[in-house]
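Below you'll find the structure, written out as structure tokens, and then a few comments.
These numbers were taken from a predicted model, which means no experiment stands behind them.
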Number of protein chains: 2
Amino acid sequence: MVSPLETRLSQHLPLTFAERDALQWLERREQRFIAGKVIVREGEAYENLHIVASGWLHGSIRLHDGSRQILRFYFVGDLTTAFSIAWRHSAATLTAVSACTLYEMPRAALGRLFRDHPRLGALLYAVSASEHVATADRLASIGRTAGMYRVATFLLDIRSRLLVVDGLAGATFELPLTQQDLGDAVGLTKAHVNRSLKSLEATGLLEREGKIIRIKDVDALTKLVGFKDRHGHVAIDWLPPSANFGDIDHNETTVA
Amino acid sequence: MVSPLETRLSQHLPLTFAERDALQWLERREQRFIAGKVIVREGEAYENLHIVASGWLHGSIRLHDGSRQILRFYFVGDLTTAFSIAWRHSAATLTAVSACTLYEMPRAALGRLFRDHPRLGALLYAVSASEHVATADRLASIGRTAGMYRVATFLLDIRSRLLVVDGLAGATFELPLTQQDLGDAVGLTKAHVNRSLKSLEATGLLEREGKIIRIKDVDALTKLVGFKDRHGHVAIDWLPPSANFGDIDHNETTVA
DNA sequence: CGTGAGATTGATAGCGTTCAACTGTGGTGG
DNA sequence: CCACCACAGTTGAACGCTATCAATCTCACG
């Protein structure tokens, strides 16, 4: 009965009972998808947002010339393609990378969450902000650096997020992507992704075995490519107090 | 006495008196800056967010190798580098492009806004989402398209935002940027920016006179480069009702 | 008229794409 | 159990876009 979104948000902030209850209400409609399934298609009207309960997904947009840009990968506890909330039609395509389980949540439920739990609304704003900055980092990386660096930055970023999500200690993880997918994420062709991976291996900082990636010296690689980790924490000092009914809160947190 | 942020948000949604009042409270500390001034520096602790009252600014980040990526330009009514809210230290450098006037607003004031006016919080979330998607579009553009297309997309994007902000009817506008700046925004060197502009002029779809840009056929150029306008509207159907005190609202909106 | 910043243009080199071929591997049907 | 197939990964060769470096030009300004 662990709520993924609650777990995620709790990493930033101790939540009140009422807040946790509200989050769990968002996670009642469970759906499962097989690997490769397109869940929401760019440009189509959509009714629901999705919270990831398990599995990998990605959000992508398609360009004029038919090529695809993968914007972000989503893991347990992520609110997928949340940026689409600004429109009735989805801004991106949501695709299951692996088999996954999602909770479906009506758009209006997010509005109610802002109303009933402003502090959670503000926290979601901050989380969304951190994702925006991660996108911005990738923008800079793609615009200005050579292929090998883009790939390394990408791998460090995924590793960093998996750490937060899975609590995996190590620098070894499985990357269930084709090199084509990887290329669509970092803006390279699959051929050059392959060469970039080879170059990385040649530095001795990275090893591969099939889909398994092992970063042999995370610090050295981080320094080499100038990677900035944006996922550790979000600032909460600016958030409003947990409610208009502070007394009830106090009771409930102690109960919890 | 026109409040820029209020004006901006009113474009999406009729605001109540209380909401408008709250927004105006954020705009009491006015500051002026000359062109070129660095207002917030990446990585430094910061206390305040800024609302643009007049002028152009941009937010940028610096890469490992010293090069600069401009993430976004800011105009009247924009909440600048709002994504930094997720950290105590600014995620980006905020620089005045032209002389400008800003309102300074403590970070915690944003938190109070979420608490006291949840609907505004949700609306800010949506606006932030639309900016995130704009960043994502640029990411795709930079990763996958040739220089001429990137520049054209950038110009169409700026034009589109100026339309919203200034209500300018035409396809002619002043671009107070050096070609170096433009290159830092679209991921090209200044030399290649120049060649890309020349190529665009050669198509007959664009004219330049100094800093003045005239797009001769917006629709044709939009179609040519596959530009998607993300600035027109944000969806508000998911927002919560305007307050817990519906009756007061009703009075106040009619009074207004 | 000198000065300096930005714009423009040219020559060259390199990175990444494109296209194509080949290899390895896991799954499937006979 | 094996032949076959599809798909991903790998590698090579040639091309083209963009960076780099440098020189020149333009223009506003003191």
Among B:Leu221, B:Val225, B:Leu205, find the residue that satisfies the side-chain contact (heavy atoms from CB on, under 4.5 Å) test when tested with B:Leu200. B:Leu221
Whole angstroms only, please: what is the NE2-P distance between A:His192 and D:dA13? 17 Å
Describe, in one word, how the ring planes of A:Phe33 and A:His50 are oriented to each other, choosing from parallel (under 30°), tilted (30 to 60°) and perpendicular (over 60°). perpendicular
What do you reckon, is CZ of A:Arg107 surrounded by more than 12 foreign heavy atoms closer than 6.0 Å? yes
Give me the atom names and distance for the closest heavy-atom approach of A:Tyr46 to A:Arg88. CD2-O, 3.1 Å
A:Glu47 CD: over 12 foreign heavy atoms closer than 6.0 Å: no
Between A:Asp65 and A:Ser67, is there a side-chain donor-acceptor contact under 3.5 Å, judged purely by atom types and distance? yes
Can you tell me the distance, in whole Å, between the CG atom of B:Leu197 and the P atom of D:dT18? 13 Å
Side chain B:Arg195 and base C:dG10 donor-acceptor under 3.5 Å: yes
Residues in residues 60-73 of chain B with a heavy atom under 4.0 Å of DNA chain C, by number, are none
Phosphate-side-chain proximity, B:Lys198 and C:dA7, N/O vs OP1/OP2 below 4.0 Å: no
With a cut-off of less than 4.0 Å, is there a side-chain N or O of A:Thr178 near OP1 or OP2 of D:dA8? no
Whole-Å gap separating P (C:dT25) and CD (A:Gln179): 14 Å
Can you check the A:Leu188 CG to D:dC17 P distance for me, whole Å? 18 Å
Taking atom C1' of D:dA19 as reference, at what distance in whole Å does atom CG of B:Asn194 sit? 14 Å
Regarding B:Asp157 and B:Ser160, do their side chains bring together a donor and an acceptor under 3.5 Å, going by distance alone? no
Sub-4.0 Å heavy-atom contacts from residues 138-147 of chain A onto DNA chain C, ordered by number: A:Ala146, A:Gly147
Expressed in angstrom and rounded to an integer, what is the separation of A:Leu177 atom CG from D:dC7 atom P? 18 Å
A:Asp184 atom CG is separated from C:dT17 atom P, nearest whole Å, by 11 Å
Measure from the side-chain heavy atoms of B:Ala191 and tell me the nearest of D:dC21, C:dT17, C:dG6. D:dC21
OP1 or OP2 of D:dA8 less than 4.0 angstrom from a side-chain nitrogen or oxygen of A:Lys211, does that happen here? no
Tell me whether the OP1 or OP2 atom of C:dT8 has a side-chain N or O from B:Arg208 closer than 4.0 Å. yes
A:Leu182 has an atom CG; how far is it from atom P of D:dG9, in whole Å? 9 Å
Separation of A:Thr93 OG1 from A:Arg41 CZ (nearest 0.5 Å): 6.5 Å
Is it true that A:Arg32 and A:Thr101 share a donor-acceptor pair across their side chains at a distance under 3.5 Å? yes
